[in-house]
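Here is the structure we will look at, set down as structure tokens.
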Amino acid sequence: MARAFTTDFSKKLFPFGVAVCLFIAVVLNGQAVLAFQADSLKTKQEPRRYIRPCIYLNTYRTPERTIPSQDILTSYGFRQLSAGFYAPLYTQTWLCKDRISLSSLHVLASGNILSVAPAFPGLASDYRMNKTSFGGRLIYNTGKGGIWFADLAPFLANDNSRSHPPTLRYSYSVLFNKTVSRLFGYRVGIAKTYLFGGGFETRTYRFGPYMPLLGMRIGPLDGTYLSLQFPREASLNFRVGSKCSGSVFMKPTGGIYNLSGKSVDFLPQTNAQGPVRFGRYEFLNGLRFDYTPGNVFSCFVSTGLSTSRHLTFSSKERAGFFEPFYALKIRPSVFLSAGIAFRFGKAKRVQNDYAMYDAFDLNSGYAGGDENSAPAGSAIPNRPNIELKHASKVDYMDVEDLFQEQELY
Amino acid sequence: MSASTFFLSWFRLTAAVFLFSFVFVCCAQAQPSSKDKIEALKAAFINKNIDFTAAEAQAFWPLYNDFQAKREALKKELSLSRTSIATINASSEKDVAALLDGDFVLRQKELDLQKDFHKKMLLLLSVKKVALYYKSEEEFKKALLNQLKDK
């Protein structure tokens, strides 16, 4: 009875979390989402913010497949659903000492609710593990092509049996981005991340949660560009018309979650009385297409091959390192991911401001809650074709501000 | 079907209907305005005509965007006061005088803004490039007017 109640409660928790995210995003921005603006005689002020609040919903899954070499975990599949938001809390713009450059500070709140459902024999089909994160980020544009970015995402990890208290962990990223020119930029920083689950091992070194961040971009962010961001992503990004964009990418995805020992007591050396840390990481190689039909709504679909899939089950944790009592590597599988995002309100115009483009790229690339999946769409404006014939629907009312009266005669 | 299952199914159905309606409304309502498109075209037109260095572009475009936003806000105020003057017959002498004074204050503010932007441009760009900027703005307006005439 108690179990049925907690399971039911957990199922209800996710839509509730989505509603909370929506509420927070709207309240923080101080505007009603569905309030259609009528013509007003009040003076319209210029927008103060550069970054519009965003709420998003992303899904990811790999089908259940058999694992031939294993006699305990004979099959494995994975499903994930996450809902999150980011919203600007404070924005300030200054004129630098040289009296020309504009620097700006952006403080944002971010949050994420993640529900994952691994599928393997012995584990109840309705078993879920959850991560709830609420954090913040700070973006400082020096005005000289430099962007300081800091993201802090504390999160609580628990499962839907709630037989053990949740574990509080935190991840963070601090990095400096230099926009050298429209065509080139680089990034240097450090991160604490559980993106590689219980850790990432090479032949000579074992990475714990602390990782360097090194990256570079070749090409314009509003066009076709190559982005190499160790360890988060390597991608070739392109735009298809004014509403679509795509990318060919390789990136890791994963995390560390809490399982109750009782739910996996069929694994050898499991302490059935205690919590088990379930770690996973895999490398996604695939394609992603984003579609942004208007100012508010965006969606994406992504598919490809998930390779180097690692699972670890551990009960000992020391300084971020997890000692697995059971680990396995699984053969590649196809994956499917999709998502929707809504962005609200008005923002300052940033046409050709490439440092701010990099700030947008950083902000959308770091989804809340230590996730490595960007919300659908992009805040970076399109580079228009300068042929005026493309502005076929020009109406005088839209452009009257451009002209003085004498110019019309 | 238990009450909790029924409630959950009902909740999911309502959430799905709400989400689809929301997406539909957002897609139908929120297209980028043609004004934004024109502003983007203008920026591209200026960028094409002036050979900015990387450092110049980095400083110029944030300044330009800031200037445009401020000028746009002033223009909106100005047109608002003009709209009010159209209803002059319904207003008192004192109110009309205040509106006219307000109009001149806003025009002066716009001029001050332009002078300030001009000064900043001179600190950043060569005189030749500043002249090219003004010429580009003018050329763009001419092209846009021709486009309107052809409609």
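No experiment lies behind these values; they were computed from the predicted model shown. In what follows, every chain begins at residue 1, and chains take the letters A, B, ... in the order their sequences are listed. Just so it is clear, the values below take in all heavy atoms, side chains as well, and ignore hydrogens, waters and symmetry mates.
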Test of ring centre spacing under 6.0 Å for A:Y140 and A:H106: no
Name the residue from A:V180, A:I218, A:N177 that meets the side chain to side chain contact (heavy atoms under 4.5 Å, CB included) definition with A:Y186. A:V180
Just wondering, more than 12 heavy atoms not from A:K178 lying within 6.0 Å of its NZ? yes
Does any heavy atom of chain B fall under 4.5 Å from the side chain of A:R349, the backbone, both, or neither of them? both
Derivation of the side-chain contact (heavy atoms from CB on, under 4.5 Å) call for A:W148 and A:I139: CA-CA 6 Å; A:W148 284 98; A:I139 302 169; over 6 Å; no
Close approach to chain B in residues 353-362 of chain A, criterion heavy atom under 4.5 Å: A:D353
B:D51/B:K129 salt bridge by N-O under 4.0 Å criterion: no
With a 4.5 angstrom heavy-atom cut-off, could you sort out which part of A:T179 is near chain B: side chain, backbone, both or neither? both
Quick one: are the ring centres of B:F60 and B:F52 less than 6.0 Å apart? yes
side-chain contact (heavy atoms from CB on, under 4.5 Å) between A:S103 and A:K97, intermediate numbers included: CA-CA 10 Å; A:S103 59; A:K97 281 180 183 173; over 6 Å; no
What part of A:L183 gets within 4.5 angstrom of chain B, counting heavy atoms only: side chain, backbone, both, or neither? neither
Between A:I100 and chain B, which part of the residue has a heavy atom less than 4.5 Å away: side chain, backbone, both or neither? both
Considering only NZ, NE, NH1 and NH2 on the basic side and carboxylate oxygens on the acidic side, decide whether B:E72 and B:K75 come within less than 4.0 Å. no
Between chain A and each of B:A55, B:A57, B:A69, count heavy-atom pairs under 4.5 Å; write down the option with the most. B:A69
So B:F117 and B:F67, would you call those rings parallel, tilted or perpendicular, with 30° and 60° as cut-offs? parallel
Give, as side chain, backbone, both or neither, the part of B:K70 having an atom under 4.5 angstrom from any heavy atom of chain A. both
